[in-house]
Amino acid sequence: MPHQDHSTWLLDERWRLGVHIQARRMRQNLTQEELAERAGVSRDTVQRIERAANNPRFTDLLRIARALDTRLAYLLEGEQGQLARDHTKPPAT
């Protein structure tokens, strides 16, 4: 990974995470309030994560992933990361 200011890199990753959560939520036609209720977190928590406004708690991310019926890795990597991993899996025997 090229050398980058840590704060810039972290903000980029938080932003990417928020975009992936928002996209998944919208595909499921959920409001922030509905996702929050399913995940057992506040709407403000969902809003802050989607806007990359803070460092989310790991447990909140796990709850959101479960509420969106996905894995945390998907929310961190997005579809491209998932597709890349699927194509590198060894063939089933």
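The model shown is predicted, which means the values in this text are computed figures rather than measured ones. Hydrogens, waters and symmetry mates are skipped; everything else that's a heavy atom, side chains included, is used.
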Nearest heavy-atom pair of R24 and D69: which atoms, and what distance?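 Closest pair (atom of R24, atom of D69, distance): NH2-O, 3.1 Å.
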
Check R51, Q32, E33 against V46 for a side chain to side chain contact (heavy atoms under 4.5 Å, CB included) and give me the one that passes.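 Only one of R51, Q32, E33 forms a side chain to side chain contact (heavy atoms under 4.5 Å, CB included) with V46, namely Q32.
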
For the atom pair NE2 (H20) and CG (L75), what is the distance rounded to the nearest 0.5 Å? 8.5 Å

Report yes if the side chains of I64 and P56 come closer than 4.5 Å at any heavy-atom pair, otherwise no.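 When only atoms from C-beta onward are counted, P56 and I64 do not touch, as no gap falls below 4.5 Å.
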
Would a distance-only check, ignoring hydrogens and angles, find a side-chain to backbone donor-acceptor pair under 3.5 Å from R63 to G40?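 Checked: pair present.
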
Quick check: closest heavy atoms across Y74 and R27, and the distance to 0.1 Å?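 What the structure gives for the nearest pair is OH-NH2, 2.8 Å.
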
Please round to the nearest 0.5 Å and tell me the distance separating atom CG of D60 and atom CD1 of I49.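 It is 5.5 Å, given to the nearest 0.5 Å.
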
Could you check whether any side-chain N or O of E34 sits under 3.5 Å from a backbone N or O of T31, counting only pairs where one atom can act as donor and the other as acceptor?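 Yes, because the side chain of E34 sits within donor-acceptor range (under 3.5 Å) of the backbone of T31.
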
Which residue in the set L76, L61, T70 passes side chain to side chain contact (heavy atoms under 4.5 Å, CB included) when paired with I21? L61

Considering all heavy atoms, the nearest L68-R25 contact: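 Scanning both residues completely, I find the closest heavy atoms to be CD2-CA, 3.8 Å.
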
Are there more than 12 heavy atoms of other residues, nucleotides or ligands under 6.0 Å from atom CD of E37? no

Keeping the roles fixed (side chain from R14, backbone from A52), state whether a donor-acceptor pair exists under 3.5 Å. yes

Would W15 and L10 show up in the same hydrophobic cluster when neighbours are defined by side-chain heavy atoms closer than 4.5 Å?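 Cluster IDs for W15 and L10 differ.
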
Heavy-atom check, side chain of R71 versus side chain of R66, under 4.5 Å: no

Min side-chain heavy-atom separation L30-R38 under 4.5 Å: yes

